[in-house]
Amino acid sequence: MANEKQYPMTAEGKRKLEEELVKLETETRKEIVERIKIARDFGDLSENAEYDSAKEEQAFLEGRISTLKSMIRNAVIISEDETDNSVVSLGKTVTFVEIINGKPSTEEESYTIVGSAEADPMEFRISNESPIAKGLLGRAEGEEVVVQTPGGEMKVKILSIK
């Protein structure tokens with residue numbers, strides 16, 4: 001167990017995972033057990049689609065609960081309040097522009113770099129394991145960085161780190 005993966009995350013991210021775990025263990029688990037009970041009453045389980053569906057959902061739920069427990073147990077809390085904004089690091093929000101044909105784009109992009117457990121690109125929170133974050137981590141404001149992405153190289157200039 002000493003080699004379990006660590007999950008860097010903010011305190012808020014850990015709290016959200018804990019809330020999800022409580023809901024899954026208390027509410028969702030009971031709902032699925034009830035669905036299984038009702039489906040059993042339909043008779044022959046070998047041809048009971050409702051039963052099969054509920055059992056599959058139960059297996060998925062138990063997998064998610066196990067994953068959440070592991071993530072919470074192996075959480076490494078990152079501080080979002082550190083005063084050192086000189087380099088891009090976990091918990092920091094970095095604003096950059098893409099350099100296209102040697103000229104900075106007018107469209108700024110800002111992302112907060114978080115652990116994979118908290119990543120949500122729709123909320124502008126990217127995983128430290130993503131190609132963009134990997135290219136930005138450890139870099140300073142004003143630096144131009146070449147980031148390797150699945151679509152090819154992308155050159156960006158870091159405008160600010162907060």
Side-chain angles (χ1 to χ4, degrees), residues 1-25 27-29 31-32 52-53 55-162:
M1 295 261 178
N3 293 334
E4 283 193 80
K5 179 179 178 179
Q6 292 188 330
Y7 296 91
M9 65 183 75
T10 61
E12 173 70 11
K14 184 178 180 189
R15 185 189 61 74
K16 286 181 180 178
L17 292 180
E18 290 168 338
E19 287 174 359
E20 179 183 355
L21 178 61
V22 167
K23 182 177 183 199
L24 294 179
E25 288 182 321
E27 297 171 28
T28 309
R29 190 180 264 163
E31 291 168 4
I32 293 174
D52 290 342
S53 173
K55 288 299 280 184
E56 285 177 19
E57 193 174 341
Q58 182 182 42
F60 178 80
L61 172 71
E62 294 305 324
R64 179 65 180 159
I65 287 172
S66 177
T67 298
L68 288 173
K69 285 181 176 180
S70 175
M71 292 169 85
I72 292 166
R73 182 177 57 250
N74 296 300
V76 176
I77 303 301
I78 55 174
S79 173
E80 295 180 89
D81 299 327
E82 290 182 19
T83 55
D84 181 13
N85 290 334
S86 63
V87 295
V88 178
S89 61
L90 276 166
K92 300 294 180 192
T93 299
V94 58
T95 302
F96 60 88
V97 292
E98 188 173 356
I99 307 291
I100 303 169
N101 297 324
K103 297 184 180 191
S105 167
T106 57
E107 290 187 43
E108 293 182 3
E109 296 182 54
S110 291
Y111 294 99
T112 301
I113 299 177
V114 296
S116 60
E118 288 183 86
D120 184 354
M122 299 304 289
E123 295 291 325
F124 304 101
R125 298 172 66 84
I126 60 172
S127 166
N128 61 313
E129 298 171 6
S130 71
I132 292 176
K134 282 182 179 179
L136 296 174
L137 285 168
R139 301 305 186 114
E141 189 174 305
E143 274 192 67
E144 291 188 6
V145 181
V146 176
V147 177
Q148 299 296 330
T149 69
E153 288 185 347
M154 177 174 90
K155 189 173 187 179
V156 300
K157 181 175 183 176
I158 300 172
L159 301 177
S160 69
I161 304 167
K162 296 179 184 171

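Atoms considered below: every heavy atom in the structure, side chains included; atoms not considered: hydrogens, waters and symmetry mates. FYI, the numbering just counts along the sequence from 1.
Residue Ile65 holds its CD1 atom at 13.5 Å from OG of Ser70, rounded to the nearest 0.5 Å. A distance of 4.5 Å separates CD1 of Ile32 from CG of Leu61, quoted to the nearest 0.5 Å. Rounding to the nearest 0.5 Å places CG of Leu21 at 10.5 Å from OG1 of Thr28.
The local environment of CD in Gln6 is sparse, with at most 12 non-hydrogen atoms from other residues, nucleotides or ligands closer than 6.0 Å.
Side-chain contact check for Glu20 versus Arg64: some heavy-atom pair is nearer than 4.5 Å. At least one side-chain heavy atom of Glu144 sits less than 4.5 Å from a side-chain heavy atom of Lys155. For the pair Pro104 and Lys157, the minimum side-chain heavy-atom distance is 4.5 Å or more. The side-chain heavy atoms of Lys162 and Lys92, taken from C-beta on, include no pair separated by under 4.5 Å. Side chains of Ile132 and Phe96 form a contact here, defined as non-hydrogen atoms less than 4.5 Å apart. Side-chain contact between Ile72 and Lys14 is present, with at least one heavy-atom pair separated by less than 4.5 Å. Considering only heavy atoms from C-beta on, Leu17 comes within 4.5 Å of Met9 through its side chain. The shortest distance between side-chain heavy atoms of Lys5 and Asn74 does not fall below 4.5 Å.
In terms of heavy-atom proximity, Ser116 sits nearest to Tyr7 at OG-CD2, 4.4 Å. In plain terms, the two heavy atoms of Ser130 and Ile126 that are nearest each other are OG-CD1, 3.9 Å. Contact record, Gly115 with Leu90: N-CD2, 4.0 Å, taken as the closest heavy-atom pair. Shown here for Thr95 and Ser110, the closest heavy-atom pair between the two residues is OG1-OG, 2.5 Å. Nearest heavy atom pair, residue Ser127 against residue Ala119, reads N-CB, 3.6 Å.
Without hydrogens or angle criteria, Glu118 side chain to Thr10 main chain gives a donor-acceptor distance under 3.5 Å. Between the side chain of Thr67 and the backbone N or O of Gly63, at least one donor-acceptor pair lies under 3.5 Å.
With respect to Arg125 and Glu12, no salt bridge is recorded, no charged nitrogen being found less than 4.0 Å from a carboxylate O.
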### Task
Check step by step if side-chain contact (heavy atoms from CB on, under 4.5 Å) holds for Glu57 and Glu31.
CA-CA 11 Å; Glu57 193 174 341; Glu31 291 168 4; over 6 Å; no
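Only one option out of Thr93, Ile161, Ile78, Val94 pairs with Ile113 in a side chain to side chain contact (heavy atoms under 4.5 Å, CB included); it is Val94. Checked options Glu18, Glu62, Glu25; the residue passing with Lys69 is Glu25 (criterion: salt bridge (charged side-chain N to carboxylate O under 4.0 Å, His left out)).
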